[in-house]
Amino acid sequence: MESVGVLMTCPMHSYIEEELAKRFNLFKLWNYSSLRCFSEAHANSIRALVGNTKVGADANTIDSLPKLEIVSTYSVGLDKIDLKKCREKGIRVTNTPDVLTDDVADVAIGLALAVVRRICESDRFVRNGLWKNSDFQLTTKFSGKAVGIVGLGRIGSTIAKRAEAFGCPISYHSRSEKPETGYKYYASILDLAANTEILVVACALTEETRHIVNRQVIDALGSKGILINIGRGQHIDEPELVSALREGRLGGAGLDVFEDEPYVPEQLLGLDNVVLSPHVGSDTVETCMEMADLVIANLEAHFLGNPLLTPVI
């Protein structure tokens with residue numbers, strides 16, 4: 001398959017770059033000044049595209065690559081891919097579900113523990129020598145707190161199981177009820193927020209879920225509530241979140257994702273009741289390698305005429 005042209009949209013883990021280069025004729029979009037410059041030189045060489053949560057395959061990119069047959073994204077999320085355009089052109093799409101589920105769920109619980117027990121703040125307390133002169137103020141416990149999950153898919157369900165191990169009662173809001181889980185279902189996210197102490201956002205990003213956490217939801221969660229986001233930054237109305245945290249209308253937040261990554265609202269940086277991480281929910285060595293292997297396996301299956309391992313369309 002060395003003659004098959006594959007385009008990577010942006011830098012990713014070195015492992016996937018190396019493994020793709022071994023098997024295909026690999027092109028790296030970031031080595032060109034623009035998509036137009038790349039297309040003028042190599043458009044007809046590209047039969048596959050590998051994107052991720054930063055740069056995927058929008059309509060312009062797809063239209064610029066007339067020989068494109070498959071988009072294999074190095075992610076679970078599909079919000080950077082124009083699925084409608086892919087369907088129109090008969091382009092196959094794959095992603096990497098399941099592989100990263102445990103890692104993202106771990107980070108969700110880690111963020112919740114860090115916010116509730118103020119772990120980052122207590123670390124600074126020790127490092128700055130303040131422990132010598134005073135005791136760190138009391139926090140509240142995580143175990144037993146009511147956890148509400150927005151989106152009970154693979155990741156949401158795995159978060160729920162972890163939270164259950166801490167004795168947390170689980171409730172959720174999703175497109176449809178899942179009676180087999182035994183968790184309490186709320187048809188309205190407002191009702192979920194009002195009956196929850198820790199609200200975890202774990203749904204896919206769609207037009208319906210964009211800003212699903214707005215001022216009303218934040219106010220329903222309340223001044224003692226904690227908001228955790230391991231989904232996408234666009235799930236939360238970020239200016240409203242900042243205002244609520246600064247005004248004390250929300251108790252705290254743990255955020256792995258932001259609306260305009262890698263830029264984070266300046267106002268968040270000085271708040272002690274916020275824990276921030278740079279969209280690393282799935283970024284472990286093991287998972288990055290497994291995701292890369294799945295991307296490559298899907299590409300190989302496609303070009304060998306075999307069934308795709310994780311087809312989206």
Is it true that [Y] and [X] share a donor-acceptor pair across their side chains at a distance under 3.5 Å?
{"X": "S282", "Y": "D103", "answer": "no"}
{"X": "T94", "Y": "S72", "answer": "yes"}
{"X": "E164", "Y": "Y183", "answer": "yes"}

[X] side chain vs [Y] backbone, donor-acceptor pair below 3.5 Å:
{"X": "Y186", "Y": "G148", "answer": "no"}
{"X": "T96", "Y": "S75", "answer": "yes"}
{"X": "S243", "Y": "P239", "answer": "yes"}

Minimum heavy-atom separation for [X] and [Y], please, with both atom names.
{"X": "G77", "Y": "R232", "answer": "CA-NH2, 3.4 Å"}
{"X": "I149", "Y": "V147", "answer": "CG1-CG1, 4.1 Å"}
{"X": "D82", "Y": "I62", "answer": "O-CD1, 3.9 Å"}

Ion pair [X]/[Y], N-O distance below 4.0 Å:
{"X": "D63", "Y": "K89", "answer": "yes"}
{"X": "E121", "Y": "R124", "answer": "no"}
{"X": "K28", "Y": "E17", "answer": "yes"}
{"X": "R162", "Y": "D102", "answer": "yes"}

Nearest-0.5 Å distance, OG of residue S64 to CZ of residue F38: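 Between S64 OG and F38 CZ, I get 10.0 Å after rounding to 0.5 Å.
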Mutual orientation of the aromatic rings belonging to F27 and H42 [parallel < 30°, tilted 30-60°, perpendicular > 60°]: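 It falls in the tilted class, 30° to 60°.
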I91 vs L49 side-chain heavy atoms within contact, under 4.5 Å: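 Side chain of I91 against side chain of L49, heavy atoms only: no contact under 4.5 Å found.
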Positive for side chain to side chain donor-acceptor pair (under 3.5 Å) with H211, one of Q234, E240, H235, E259: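 Among Q234, E240, H235, E259, the one that satisfies the side chain to side chain donor-acceptor pair (under 3.5 Å) with H211 is E259.
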R36 atom CZ: more than 12 heavy-atom contacts under 6.0 Å: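 Open.
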is_close_aromatic(Y74, H13), centroid dist under 6.0 Å: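 No, the ring of Y74 stays outside the 6.0 Å limit from the ring of H13, centre to centre.
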